[in-house]
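Atom set for the values below is all heavy atoms of this structure, side chains included, hydrogens, waters and symmetry mates excluded. Computed from a prediction, not measured in an experiment: that's the story for all the values here.
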Amino acid sequence: MRTLELADYLELTGKNVHGLAVELGLSPPKVHYWFHNTTCMIKFDDYRRVHEMRLMREKVVYAR
């Protein structure tokens with residue numbers, strides 16, 4: 001199993017956000033939002049099949 005950020009996974013596989021969302025049965029607008037606004041990690045196997053998508057939300061503990 002390997003883990004990459006969503007943008008890196010898309011670059012590796014040559015897919016786009018919409019195609020990945022449809023392939024996984026997810027809402028394309030939601031995945032597009034994750035792509036631009038959060039850090040999203042993809043866990044996949046040697047055949048590039050996605051096993052897990054995880055949103056890594058950064059919590060702001062201090063802002064100036």
Side-chain angles (χ1 to χ4, degrees):
M1 294 287 208
R2 291 181 55 194
T3 303
L4 289 175
E5 285 191 43
L6 178 56
D8 296 332
Y9 177 77
L10 293 174
E11 184 179 325
L12 175 72
T13 59
K15 297 178 184 178
N16 61 22
V17 175
H18 183 83
L20 178 65
V22 170
E23 179 183 315
L24 298 177
L26 300 170
S27 166
K30 192 176 285 190
V31 177
H32 188 76
Y33 175 82
W34 295 340
F35 179 72
H36 289 289
N37 298 306
T38 66
T39 302
C40 185
M41 302 302 287
I42 305 287
K43 184 185 265 186
F44 61 99
D45 61 18
D46 293 336
Y47 302 105
R48 297 183 180 163
R49 288 184 304 226
V50 176
H51 289 270
E52 183 178 289
M53 251 177 124
R54 181 174 298 214
L55 298 177
M56 311 299 278
R57 299 184 184 252
E58 289 84 21
K59 181 179 176 184
V60 177
V61 292
Y62 174 80
R64 188 172 238 202

Original post:
Applying the 4.5 Å side-chain criterion to the ILVMFWY set and letting contacts propagate, would Phe44 and Leu55 be lumped into a single cluster?
Top reply: yes

Subject >> In one Ile/Leu/Val/Met/Phe/Trp/Tyr side-chain cluster, 4.5 Å: Phe35, Val31 >> reply: yes

**OP:** Under the side-chain contact (heavy atoms from CB on, under 4.5 Å) rule, what do Met53 and Leu26 come out as? Steps first, then yes or no, please.
**Re:** CA-CA 11 Å; Met53 251 177 124; Leu26 300 170; 3.7 Å; yes

Original post:
Between atom CG of Asp46 and atom CZ of Arg2, what is the distance when rounded to the nearest 0.5 Å?
Top reply: 8.5 Å

**OP:** Could you list the residues that satisfy salt bridge (Lys or Arg N to Asp or Glu O under 4.0 Å) with Asp45, not counting sequence neighbours?
**Re:** Arg49

Subject >> Glu11 atom CD, over 12 foreign heavy atoms within 6.0 Å >> reply: no

Original post:
Got Glu52 and Met1 here, is their nearest side-chain heavy-atom distance under 4.5 Å?
Top reply: no

**OP:** Compare every heavy atom of Pro28 with every heavy atom of Ala21, then report the nearest pair and how far apart it is.
**Re:** CB-CA, 3.6 Å

Subject >> salt bridge (Lys or Arg N to Asp or Glu O under 4.0 Å) involving Lys43 - partner list, sequence neighbours excluded >> reply: none

Original post:
For the atom pair NZ (Lys15) and OH (Tyr9), what is the distance rounded to the nearest 0.5 Å?
Top reply: 4.0 Å

**OP:** Kindly indicate, with the supporting measurements, whether the criterion side-chain contact (heavy atoms from CB on, under 4.5 Å) is fulfilled by Leu6 and Leu20.
**Re:** CA-CA 10 Å; Leu6 178 56; Leu20 178 65; 3.5 Å; yes

**OP:** Identify whether Leu12 and Leu10 are in the same connected component of the hydrophobic contact network (ILVMFWY, side-chain heavy atoms under 4.5 Å).
**Re:** yes

Subject >> Close side-chain approach of Val17 and Trp34, heavy atoms under 4.5 Å >> reply: no

